[in-house]
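Excluded from the calculations below are hydrogen atoms, water molecules and symmetry mates; all remaining heavy atoms, backbone and side chain alike, are included. Along the sequence shown, residues carry numbers from 1.
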Amino acid sequence: MGEFSEREEVFQPKIQRLEEMIKASRSTCVFTGAGVSTLSGIPDFRGAHGVYTDPWHGMDVEDIVSIGFFEREPSIFYQWAKAVWYNVEHYQPTIVHTTLAKMERLGYMQSLYTQNIDMLHERAGSKAVYDVHGSVAHHHCPNCGKYFPYEAVAKVVQAGKVPHCDVCGHVIKPDIVLYGESLDSYILSRAYEEFSSCDLCLVLGSSLTVQPAASFPVLACRHGAKFVIVNAQPTMQDDAADLLFSDLEQVFTALDKWLDTLPVRKKR
């Protein structure tokens with residue numbers, strides 16, 4: 001474990017205030033982005049040299065991960081995805097993932113909305129996870145509707161092949177929201193409802209730039225919730241935050257120890 005970003009004399013008053021907010025809140029919603037996954041070693045998507053920003057074999061990656069490209073060129077799509085989406089089993093949940101799962105288990109977090117597609121929150125033990133942009137956990141056949149788990153599809157993709165449905169022969173699609181597709185309407189409506197009524201909103205590892213997901217925490221702020229951002233870089237919503245932190249590992253190392261002192265909260 002390396003040195004943390006914030007000096008103790010600056011960090012301690014803020015983390016104590018965050019602990020008070022969590023303890024006082026009866027409805028805490030969490031929103032996580034790529035920064036939580038990069039802590040596990042997963043490459044950033046939209047950073048300065050992110051997976052989406054550098055061309056792949058001369059092609060714009062944001063074109064490759066569009067629904068139109070997938071339908072036209074599934075072979076190229078899966079060649080790209082092989083090294084990016086189909087090796088998530090090699091990465092492990094971090095202190096952020098496991099502490100969020102502990103918060104939920106103890107009754108101090110109600111729901112978790114993530115922009116990440118890597119299944120790490122679920123693998124850490126979180127149950128109330130809503131994958132805003134989908135997940136590699138599930139795939140389906142667009143033709144007949146049959147579903148396929150990650151393990152079955154990843155085995156085919158890692159072998160350099162395009163996965164096809166064993167019922168009708170159609171190309172299988174990952175349940176990830178590609179460019180040109182809409183977010184899941186159920187997740188959208190639930191997010192709007194929960195973020196509009198929560199007491200506390202934690203934004204973790206997100207620059208809050210990708211819409212419409214980035215609007216969820218803004219709803220919480222507008223409806224009077226306490227608003228906390230933990231992100232290595234500034235966000236467009238920093239001025240609205242009650243607390244700002246820059247080091248996810250520092251914050252969640254402290255929260256993990258603090259949670260061990262708390263009783264399980266009874267459901268209301």
If I take atom CE from residue M21 and atom SG from residue C201, how far apart are they, to the nearest 0.5 angstrom? 11.5 Å

SG-CZ distance between C198 and F227, expressed to the nearest 0.5 angstrom: 10.0 Å

How close do L178 and I67 get, counting heavy atoms only, and between which atoms? CB-N, 3.8 Å

Can you tell me if D239 has over 12 outside heavy atoms packed within less than 6.0 Å of its CG? no

Sorted by chain and residue number, the side chain to side chain contact (heavy atoms under 4.5 Å, CB included) partners of R72 (sequence neighbours excluded) come out as F69

Can you give me the closest heavy-atom contact between A214 and V218, atom names plus distance? O-CG2, 3.7 Å

How far apart are the closest heavy atoms of V177 and G134, and which atoms are they? CG2-N, 4.2 Å

Does R265, at its CZ atom, have more than 12 non-hydrogen atoms belonging to other residues, nucleotides or ligands within less than 6.0 Å? yes

For E194, which residues count as a salt bridge (charged side-chain N to carboxylate O under 4.0 Å, His left out) partner, sequence neighbours excluded? R190

Any chain of hydrophobic side-chain contacts (each under 4.5 Å) joining L219 to F31? yes

Any chance you could measure I22, atom CD1, to Y108, atom OH, to the nearest 0.5 Å? 10.0 Å

The ring-ring contact (aromatic ring centres under 6.0 Å, His included) partners of F245 (sequence neighbours excluded) come to F11

Tell me if a side-chain donor or acceptor on S135 pairs with a main-chain N or O of D131 at a distance below 3.5 Å. no

I64 side, atom CD1; F77 side, atom CZ - distance, nearest 0.5 Å: 9.5 Å

Does F4 offer a backbone N or O that forms a donor-acceptor pair with the side chain of D247 under 3.5 Å? no

Do side-chain atoms of T261 reach the backbone of W258 as a donor and acceptor pair under 3.5 angstrom? yes

For the pair V65 and W80, evaluate side-chain contact (heavy atoms from CB on, under 4.5 Å) and give the outcome as yes or no after the intermediate values. CA-CA 9 Å; V65 293; W80 172 85; 3.4 Å; yes

Residues two or more places apart in sequence or in another chain: which of them pass side chain to side chain contact (heavy atoms under 4.5 Å, CB included) with T94? L39, S40, V96, H97

Just by modelled atom types, is the K82 backbone N or O under 3.5 Å from a matching donor or acceptor in the Q158 side chain? yes

Would the distance check show the side chain of D199 and the main-chain N or O of A225 forming a donor-acceptor pair, the cut-off being under 3.5 Å? no

Partners meeting salt bridge (charged side-chain N to carboxylate O under 4.0 Å, His left out) with E6 (sequence neighbours left out): K14

Contacts of type side chain to side chain contact (heavy atoms under 4.5 Å, CB included), residue T32, not counting sequence neighbours: V30, V36, L100, L112, T114, N116, H121, L204

Just do the side-chain hydrogen bond (donor to acceptor under 3.5 Å, both in side chains) check on S5 and Q250 with the steps written out, would you? CA-CA 8 Å; S5 296; Q250 184 176 21; 5.4 Å; no

Rounded at 0.5 Å granularity, tell me how far CG in L18 sits from NZ in K23. 13.5 Å

Show the numbers, then the answer: is there a side-chain contact (heavy atoms from CB on, under 4.5 Å) between H57 and I76? CA-CA 10 Å; H57 292 263; I76 297 175; over 6 Å; no

Walk me through whether V228 and L200 qualify under side-chain contact (heavy atoms from CB on, under 4.5 Å). CA-CA 8 Å; V228 178; L200 173 63; 4.1 Å; yes

Under the rule for salt bridge (charged side-chain N to carboxylate O under 4.0 Å, His left out), what residues qualify as partners of E181, not counting sequence neighbours? K173

Would D118 and R123 pass as an ion pair if we require N to O under 4.0 Å? no

Are F70 and V171 close enough that some pair of their side-chain heavy atoms sits under 4.5 Å apart? yes

Return yes when atom CD of E89 has more than 12 non-hydrogen atoms of other residues, nucleotides or ligands closer than 6.0 Å, and no otherwise. yes

Taking the side chain as every heavy atom from C-beta outward, state whether S246 and V230 have any pair of such atoms under 4.5 Å apart. no

For the residue pair L244 and A241, what are the closest heavy atoms and their distance? CD2-CB, 3.7 Å

To the nearest 0.5 angstrom, please state how far the CZ atom of R105 sits from the OG1 atom of T99. 9.5 Å

Would you indicate whether the side-chain heavy atoms of Q110 and T28 approach each other to under 4.5 Å? yes

Between I229 and I15, is there a shared hydrophobic cluster once you connect ILVMFWY residues whose side-chain heavy atoms come closer than 4.5 Å? no

When clusters are formed by joining ILVMFWY residues with side-chain heavy atoms under 4.5 Å apart, either directly or through shared neighbours, do V251 and L262 land in the same one? yes

Step by step, would you call T98 with F252 a side-chain contact (heavy atoms from CB on, under 4.5 Å)? CA-CA 9 Å; T98 57; F252 279 85; over 6 Å; no

Strictly by side chain to side chain donor-acceptor pair (under 3.5 Å), give each pair with a member in residues 224-238 just once, sequence neighbours left out. T235-D238

If you draw a 6.0 Å radius around CE in M59, do more than 12 non-hydrogen atoms from other residues or ligands fall strictly inside? yes

Show which side-chain atoms of residues 139-147 pair as donor or acceptor with protein atoms under 3.5 Å away, not counting sequence neighbours.
from: H139; atom 1: NE2; to: Y86; atom 2: OH; distance (Å): 2.8
from: H140; atom 1: ND1; to: D175; atom 2: OD1; distance (Å): 2.5
from: K146; atom 1: NZ; to: D166; atom 2: OD1; distance (Å): 2.8
from: K146; atom 1: NZ; to: D166; atom 2: OD2; distance (Å): 3.1

Side-chain contact test, heavy atoms from C-beta onward, threshold under 4.5 Å: evaluate it for H164 versus I172 and give yes or no. no

What residues, two or more places apart in sequence or in another chain, satisfy side chain to side chain contact (heavy atoms under 4.5 Å, CB included) together with S75? Q79, V162

Closest non-hydrogen atom pair, L106 against L259: CD1-O, 3.6 Å

According to the ring-ring contact (aromatic ring centres under 6.0 Å, His included) rule, which pairs have a member within residues 181-223, sequence neighbours left out? Y113-F195, Y192-F216, F195-F216

Are I176 and Y179 connected, step by step, through hydrophobic side chains (Ile, Leu, Val, Met, Phe, Trp, Tyr) whose heavy atoms are closer than 4.5 Å? yes

Please determine whether residues M109 and I95 belong to a single hydrophobic cluster, defined as Ile, Leu, Val, Met, Phe, Trp and Tyr linked transitively by side-chain heavy-atom distances below 4.5 Å. yes

Q211: which residues meet the side-chain hydrogen bond (donor to acceptor under 3.5 Å, both in side chains) condition with it, sequence neighbours left out? none

Whether the side chain of S215 engages the backbone of P212 through a donor-acceptor N/O pair (distance < 3.5 Å, no angle test) should be reported. yes

Keeping the roles fixed (side chain from S126, backbone from E122), state whether a donor-acceptor pair exists under 3.5 Å. no

Do side-chain atoms of S66 reach the backbone of D63 as a donor and acceptor pair under 3.5 angstrom? yes

What heavy-atom pair brings P163 and V153 nearest, and what distance separates the two atoms? CG-CG1, 3.8 Å

